[in-house]
Q: 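Would you mind keeping the following structure in view while I ask a few things?
Values reported hereafter were calculated over all heavy atoms of this structure, with side chains retained and with hydrogens, waters and symmetry mates removed. All of these numbers come straight from a predicted model, not from anything done at the bench. In listed order, ligands and their atoms are each counted from 1.
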Amino acid sequence: RFQRRIRPCRYDIDQFTPSFMSIFESLVPSDEEISKQKQLLATLSRLINKEWPNSKLYLYGSCANSFGFSNSDIDLCLSIDEKEMSKVDIILKLAHILHAGNLRNIQALTRARVPIVKLMDPNTGLSCDICVNNLLAVVNTKLLRDYSRIDKRLRPLAFIVKHWAKSRCVNETYQGTLSSYAYVIMCIHYLQSQRILPCLQEMEPTYYVTVDNNICAYFDQVDKLNGFGAQCKDTLSRLLWGFFRYWAYAHNYTKDVISIRTGRTISKNMKDWTRRIGNDRHLICIEDPFETSHDLGRVVDNRSIWALREEFERAAEILHLDPNPSITLFEPY
Ligand code: ATP
Ligand code: MG
């Protein structure tokens with residue numbers, strides 16, 4: 001059923017780019033919001049450094065990877081070297097430290113898969129989650145941000161894909177669909193396949209860190225790559241159409257793993273991701289760029305894989321035929 005013939009592109013696809021661009025612009029956080037985020041980071045850093053002078057607080061996730069919508073929660077990561085203390089103890093002490101500041105709704109979630117402290121800052125009105133020593137997330141945040149600086153089409157593409165995924169309820173990992181992080185990686189993969197983005201991890205590394213035994217190395221002098229994808233003139237709406245067509249009809253779900261680390265697809269056989277192991281079913285395989293044993297699609301189950309593929313197909317059809325794709329695409333599920 002997914003082998004439908006790939007038809008030629010509608011001749012007028014480019015005329016929808018301005019309406020998709022205005023949706024993108026309406027989702028981008030304002031400068032005021034960004035300065036509030038920085039203000040909160042500074043306030044919390046001051047408070048925490050008084051108690052733990054050698055610790056450092058990092059912004060990560062959507063606020064720092066350039067793919068964040070306005071009004072999204074802030075993800076923070078506390079990097080701290082406290083050999084005597086468990087993560088849970090650090091979380092509890094962190095919550096205690098934060099009580100001294102003028103902050104509200106402080107909650108220590110010590111039993112979550114990733115233990116965090118949640119809080120709200122009444123000065124800025126912002127809510128945030130603080131995790132501990134999750135430095136791989138800080139590094140993958142930088143990788144995503146660096147990719148977004150190479151070609152200015154990536155950011156609007158990923159915003160529209162995230163907005164579509166949220167409208168269609170396929171951005172909920174606890175229901176077996178994909179995280180925002182996974183969608184951004186799928187966008188980068190698609191643009192690599194179109195030669196609009198390079199593969200930074202295959203180039204001579206200029207940035208090099210080791211986090212929990214994972215070597216994270218890539219070319220991060222992206223200013224030197226300006227104009228990399230310029231020979232491809234595809235507009236936003238054409239790329240969206242290609243993205244959804246790729247996931248609806250072209251990707252080989254049975255055999256392939258997408259890998260922005262290598263800039264192409266690799267085989268499931270090579271990674272031994274061919275069968276269910278524990279809860280990892282590997283029905284759609286998306287390799288994490290640094291933690292390469294980690295399949296970002298492992299949350300997808302037998303039911304949600306079909307929901308997801310049907311949504312990709314619906315989106316591809318809308319971009320192909322619908323008179324108002326920039327409206328129909330986001331109609332609530
Ligand atoms: P949203 O706007 O939906 O909040 P987000 O960019 O914050 O989007 P999340 O999927 O919430 O995206 O992820 C936040 C950050 O956590 C990511 O930028 C990434 O660094 C890290 N992350 C999320 N999921 C994973 C995962 N499965 N493996 C590794 N890191 C992840
Ligand atoms: Mg987030």
Q: Can you name the atoms of ligand 1, numbered from 1 with element, that are less than 4.0 Å from a heavy atom of Asn65?
A: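 Within the 4.0 Å cut-off of Asn65, ligand 1 contributes 6 (O), 18 (O).
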Q: Among all protein heavy atoms, pick out the one at the shortest distance from atom 4 (O) of ligand 1; state its residue, atom name and that distance to 0.1 Å.
A: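 Here the closest protein heavy atom is Ser62 OG, 3.8 Å.
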Q: Are any of the side-chain nitrogens in Asp14 or Arg238 under 4.0 Å away from the carboxylate oxygens of its partner?
A: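 Salt bridge flag = yes for Arg238 with Asp14.
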Q: Under the side chain to side chain donor-acceptor pair (under 3.5 Å) criterion, do Thr274 and Asn269 qualify, and how do the steps go?
A: CA-CA 6 Å; Thr274 47; Asn269 273 328; 4.7 Å; no
Q: Would Leu296 count as a polar contact of ligand 1, with the cut-off being nitrogen or oxygen pairs under 3.5 Å?
A: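 Between Leu296 and ligand 1, no N or O pair is found under 3.5 Å apart.
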Q: Is the Phe312 ring parallel, tilted or perpendicular to the Tyr183 ring (thresholds 30°, 60°)?
A: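 The arrangement is perpendicular - the two ring planes meet at more than 60°.
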Q: As a check for students: among His294, Arg145, Lys162, identify the option with a heavy atom nearest to atom 26 (C) of ligand 1.
A: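 The residue whose heavy atom sits nearest atom 26 (C) of ligand 1 is His294.
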Q: Tell me yes or no: between the side chains of Thr177 and Asn171, is some donor less than 3.5 Å from an acceptor?
A: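 Result is no, nothing qualifies.
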Q: Which of the numbered atoms in ligand 1 are under 4.0 angstrom from any heavy atom belonging to Thr141?
A: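 Once the distances to Thr141 are compared, the set is 18 (O), 20 (O).
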Q: Once you restrict to heavy atoms under 4.0 Å, what part of Asp73 touches ligand 1? Side chain, backbone, both or neither.
A: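 Looking at Asp73 and ligand 1, no heavy atom falls under 4.0 Å.
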Q: Could you name the option among Phe159, Tyr181, Phe69, Phe67 that has the heavy atom nearest to atom 22 (N) of ligand 1?
A: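 The nearest heavy atom belongs to Tyr181.
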Q: Can you tell me which residue and heavy atom of the protein come closest to atom 1 (P) of ligand 1, and the distance to 0.1 Å?
A: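 Result for atom 1 (P) of ligand 1: Ser180 OG, 3.5 Å.
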Q: Where on Leu136 is there a heavy atom closer than 4.0 Å to ligand 1, on the side chain, on the backbone, on both, or on neither?
A: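 Under 4.0 Å from ligand 1, Leu136 contributes no heavy atoms.
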Q: Could you pull out the closest heavy-atom pair between Ile150 and Phe228, with the gap in Å?
A: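 Result for this residue pair: CG2-CB, 4.0 Å.
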Q: Using only atom types and a distance under 3.5 Å, with no angle test, would you say the side chain of Arg104 pairs donor to acceptor with the backbone of Pro122?
A: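 No, because the side chain of Arg104 does not come within donor-acceptor range (under 3.5 Å) of the backbone of Pro122.
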Q: Would you say CD of Glu204 has more than 12 non-hydrogen atoms from neighbouring residues, nucleotides or ligands within 6.0 angstrom?
A: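 Counting neighbours around CD of Glu204, 12 or fewer heavy atoms of other residues, nucleotides or ligands fall under 6.0 Å, so no.
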Q: Sort out for me which residue in Phe330, Trp247, Phe244 forms a ring pair (Phe, Tyr, Trp, His ring centres under 6.0 Å) with Trp164.
A: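 Between Trp164 and the candidates, ring pair (Phe, Tyr, Trp, His ring centres under 6.0 Å) is satisfied uniquely by Phe244.
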Q: Quick one: look up the protein heavy atom nearest atom 21 (C) of ligand 1 and list residue, atom name and how far away it is.
A: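 Answer, as residue, atom name and distance: Ala137 CB, 4.1 Å.
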Q: Does any N or O atom in Asn171 lie less than 3.5 angstrom from one in ligand 1, N or O only?
A: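 No, no N or O pair falls under 3.5 Å.
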Q: Within a distance under 4.0 Å of any heavy atom of Asp75, pick out the atoms of ligand 1 and give their elements.
A: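 Those atoms are 7 (O), 14 (C).
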Q: How far apart are the C-alpha atoms of Tyr218 and Asp146, what are their side-chain angles, what is the distance that settles it, and do they pass the side chain to side chain donor-acceptor pair (under 3.5 Å) test?
A: CA-CA 10 Å; Tyr218 69 93; Asp146 285 337; 2.7 Å; yes
Q: Are any of the N/O atoms in Tyr60 less than 3.5 Å from those in ligand 1?
A: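 Min N/O separation from ligand 1 is not below 3.5 Å for Tyr60.
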Q: Check Lys93 with Glu82, please: is the shortest side-chain N to carboxylate O separation under 4.0 Å?
A: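 Answer for the salt bridge query: no.
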Q: Can you tell me how the ring of Phe67 sits relative to the ring of Phe159, calling it parallel under 30°, perpendicular over 60° and tilted otherwise?
A: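 Taking Phe159 first and then Phe67, their aromatic rings sit tilted (interplane angle of 30° to 60°).
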Q: Which ligand 1 atoms, with their elements, are less than 4.0 angstrom from a heavy-atom of Asp288?
A: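 With Asp288 as reference, the close atoms of ligand 1 come out as 29 (C).
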Q: How does Val184 reach ligand 1, if at all, at less than 4.0 Å between non-hydrogen atoms: by side chain, backbone, both, or neither?
A: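 No part of Val184 is near ligand 1 at this cut-off.
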Q: Would you say Glu291 contacts ligand 1, with heavy atoms under 4.0 Å as the rule?
A: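 The answer is no, since Glu291 has no heavy atom less than 4.0 Å from ligand 1.
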Q: Consider every N or O of Ser72 and every N or O of ligand 1, then say whether any pair is closer than 3.5 Å.
A: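 No, since none of the N or O atoms of Ser72 sits under 3.5 Å from an N or O of ligand 1.
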Q: Would you kindly specify which portion of Leu144 sits under 4.0 Å from ligand 1, judged on non-hydrogen atoms: side chain, backbone, both or neither?
A: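 It is neither; nothing of Leu144 touches ligand 1.
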Q: I'd like to know whether Arg149 forms a salt bridge (charged side-chain N to carboxylate O under 4.0 Å, His left out) with Asp223, so could you lay out the CA-CA distance, the side-chain angles of the two residues, the decisive distance to 0.1 Å, and finally the verdict.
A: CA-CA 8 Å; Arg149 290 167 53 211; Asp223 293 335; 3.0 Å; yes
Q: Verify the contact flag for atom 11 (O) of ligand 1, where contact means a protein heavy atom under 4.0 Å away.
A: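 Given the 4.0 Å limit, the answer for atom 11 (O) of ligand 1 is no, no protein heavy atom qualifies.
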Q: Can you tell me the protein heavy atom closest to atom 20 (O) of ligand 1 and the distance?
A: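 The closest heavy atom on the protein side is Asn140 OD1, 2.3 Å.
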Q: Tell me which one of Cys77, Ala64, Gly61 gets a heavy atom nearest to atom 15 (C) of ligand 1.
A: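 Considering heavy atoms of Cys77, Ala64, Gly61, the nearest to atom 15 (C) of ligand 1 sits in Gly61.
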Q: Looking only at the side chains, is there a donor atom on one of Asp73 and Ser127 sitting less than 3.5 Å from an acceptor on the other?
A: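 Per modelled atom types, Asp73 and Ser127 side chains form no pair under 3.5 Å.
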